[in-house]
Amino acid sequence: MTAVMLAALVGVLFTTGVWLILARGQIKLVLGLGLLSHGVNLALFGTSRLTRGAPAVIPHEGDLATILATQTFADPLPQALILTAIVISFGVTAFIVVLVSRRDAVTGSDLAPGELASLLNTADPFAAPMVTDALPAGVIMPDAVDDYDLLQYEIDEVYDRPQDAAEAKIQ
Amino acid sequence: MNPYTALLPLPVAVPLLFAAIAIMVGVSRRPRAIQIQKILSGSALVINLVIGLLILSYTLTGERIVFQMGLWPAPYGITVFADALTGIMLTVVGLLTLLLLPYAIASLDKSRARLGYYPMALLLLMGANGAFITGDLFNLYVFYEVLLMSSFVLLALGGTPSQINGAIRYVVLNLMGSIMLLLAAGITYGTVGTLNMAQISERMGMAPYALQALIAGLLFVAFAGKAAAFPLFFWLPSSYHTPHPVVTALFSGVLTKVGMYSLFRTFPLFFPDLLVAWQPFIMTIAALTMFVGVLGAFAQPTIRRLLSFHIISQIGYMLMGLGVALTPGPFGVGFGLAMAILFLVHNQLVKTALLVGGGQIELEMGTGKLSELGGLVTSRPLLAVVFFLAAFSLAGFPPTSGFVGKLGLLQVTFSTGQYAVAAVSVVVSLLTTMSMIRLWQYIFWGKPNPQLKPRPRLAYTSTRALMLTPAIVLVALSLAIGIFAEPALTVTGTAASQAIDRAGYIEAVNPEPAPTPAPAVVQEVTP
């Protein structure tokens, strides 16, 4: 029964995660990725035997084979794997949060270019120069042009004030 | 004890050590911090290349190098492992990163250098090297994350709007791939009770077919997604044109190719039967990848966007080699894999040369738009020649390495009866030639655009020479592989025969037989 519940929970987490990733809005994207990594962590947990109240450390006295055959113990390896995976997904999630908030600051909107384009009823996000006027004030389409000017040497000032870069690009 | 085993952890340890020192120097805000970082980076890359060459020279004799970390016996500790395939990848990636260093020194702006380009490039190298030498499936996942994490930082380095946009797509789609890889590792442990690759290889055949197919499918999705195969390539063209050109060149030589390496490593080892049974599926994916990639390239308006789509297209050829890896034919088992490895190396060299040259033009002229460029052949004749040679090597003209690789792949595909895929690959070669001619013509032919002036700082002869060096060396290597095809084929043939030799791999790692995994049942214990 426990295993069935665990499997169901993994399924729910994966479904919700995928749904959130596909939904509009970048915060939902971050939350969806978080749920997906939790789902996979639980799935990893289920790859060992599910035990209750059994220790992961067994006394090394006597014959190892008899101990393994007679005693109940929790498999420590998936737990170690999950710990590693949690640390990694935490780091990556932190990075994505920074990226998303940065995009918020740079473009003035938490929507991706494709989503902005769909708001404007244009199929092609690259067609943005024609329609930027229709966007709310301060919102720019980041994909509209390549940042050739920002690739140059003199980006020192620009880097510290991304909003200036955005303005420079609109002009 | 074999002295070469002591070398084996060094491809990971050396870049990590030097990157750590470089980060500390960078954080200390010393006045000459960036210069010190360049020196540290250079020394690390030279040492790394020497180690790679030593490992390659030893493994080419047909021997394998195995080291158990912490001297824990095989299934309990982490095994690191090198055969000729590992040696080739270590050497080529080490060479590419070393060649890109003068390019970075000449072209990188101060803010990107101050934000840590040099240590991050070393960490990227460390992740790639770790993925090459590891003999443990979970460890492979960890090194993928190291590789991806540093690539995330490199991609967003500079923080321009389009970079951040590209980085979000890149991070999200690659994270999905990593989740698949982690899930595959977990299910593998649940199925065969081990994560050591040698032991997985021993036991995978005994697992139920459904579980085998599930693990193989998850691994294929994960690795093919990293390698940007159809239909999982969308992250690549939407992010690769955004960062500084040196980052794009580094990524094209290292990132997607690590995904390809992992496919070459794991599939013949874990799923020799599935690799034959799934041949139509893999070949279909290969054909679609190369066809969609090259068609996408025709629609692209700028140099690096166009070249990004060609990265995808060329991945299709390597997948074609994977599809015929274990099929017996007139050339013997493993010939397809040998050609695929040769093609992988060729592609790493040539694609990096093209991106280095194209990036130089984008930086110097301040634009990569094909419609604005033109007539550079008079002002940059040497670059024009190098770019021409690289472009025709990519298209597969003799006497370059592209010709040898494509010819071999075509022969082996024909001999296994995959006529449709072979026909697609010929058509794609033609389309690649057209696309390359179009690219070269737009950049170098015609009248120069009078409004485009070279940026003063990049127009120094010394800067131009530094930035041109990697392209010249890479194209020379490509020509060398094309002309001396026989020795090159011997090398990749050794690598392929070792990669498909499961018994030899298992014997070299020699895992202890662990207690068989208990059946996965819920046990309720009353306290």
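Each chain gets a letter, A, B and so on, in the order the sequences are listed, and its residues count up from 1. The structure presented is a predicted model; accordingly, all values stated were derived computationally and were not measured.
Taking chain B as the reference chain and counting heavy-atom pairs below 4.5 Å, the highest number among Asn41(A), Ile96(A), Leu77(A) is found for Leu77(A). Interface summary for chain A: among Ile168(B), Leu183(B), Thr188(B), Val172(B), the most heavy-atom pairs under 4.5 angstrom belong to Ile168(B).
Summarising the local packing, CZ of Phe95(A) is surrounded by more than 12 heavy atoms from other residues, nucleotides or ligands at distances under 6.0 Å. Heavy atoms from other residues, nucleotides or ligands lying under 6.0 Å from CZ of Phe90(A) number 12 at most.
For Leu175(B), the part lying under 4.5 angstrom from a heavy atom of chain A is the side chain only. With a 4.5 Å cut-off on non-hydrogen atoms, Ile82(A) does not touch chain B at all. Within the 4.5 angstrom heavy-atom criterion, only side-chain atoms of Leu195(B), from C-beta onward, approach chain A. Within the 4.5 angstrom heavy-atom criterion, atoms from both the backbone and the side chain of Leu81(A) approach chain B. Of the atoms belonging to Met176(B), it is side-chain heavy atoms, and not backbone ones, that fall under 4.5 Å from chain A. For Val146(B), no part sits under 4.5 Å from any heavy atom of chain A, backbone or side chain. Residue Phe152(B) touches chain A through both its backbone and its side chain, counting heavy-atom pairs closer than 4.5 Å.
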- request: Test side chain to side chain contact (heavy atoms under 4.5 Å, CB included) on Leu99(A) and Val171(B) and set out the steps.
  value: CA-CA 10 Å; Leu99(A) 276 185; Val171(B) 171; 3.9 Å; yes
- request: Give the intermediate values and the outcome of side chain to side chain contact (heavy atoms under 4.5 Å, CB included) for residues Ile88(A) and Tyr141(B).
  value: CA-CA 10 Å; Ile88(A) 291 173; Tyr141(B) 161 75; 3.8 Å; yes
task: Mind running side chain to side chain contact (heavy atoms under 4.5 Å, CB included) on Thr84(A) and Phe138(B) for me, showing each step along the way?
output: CA-CA 10 Å; Thr84(A) 318; Phe138(B) 190 77; 3.8 Å; yes
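Among all heavy-atom pairs drawn from Leu182(B) and Ala85(A), the shortest one is CD2-CB, 3.6 Å.
To the nearest 0.5 angstrom, Ser178(B) atom OG is 10.5 Å from Leu33(A) atom CG.
You'll find the side chain of Glu145(B) reaches within 4.5 Å of the side chain of Val92(A), heavy atoms only.
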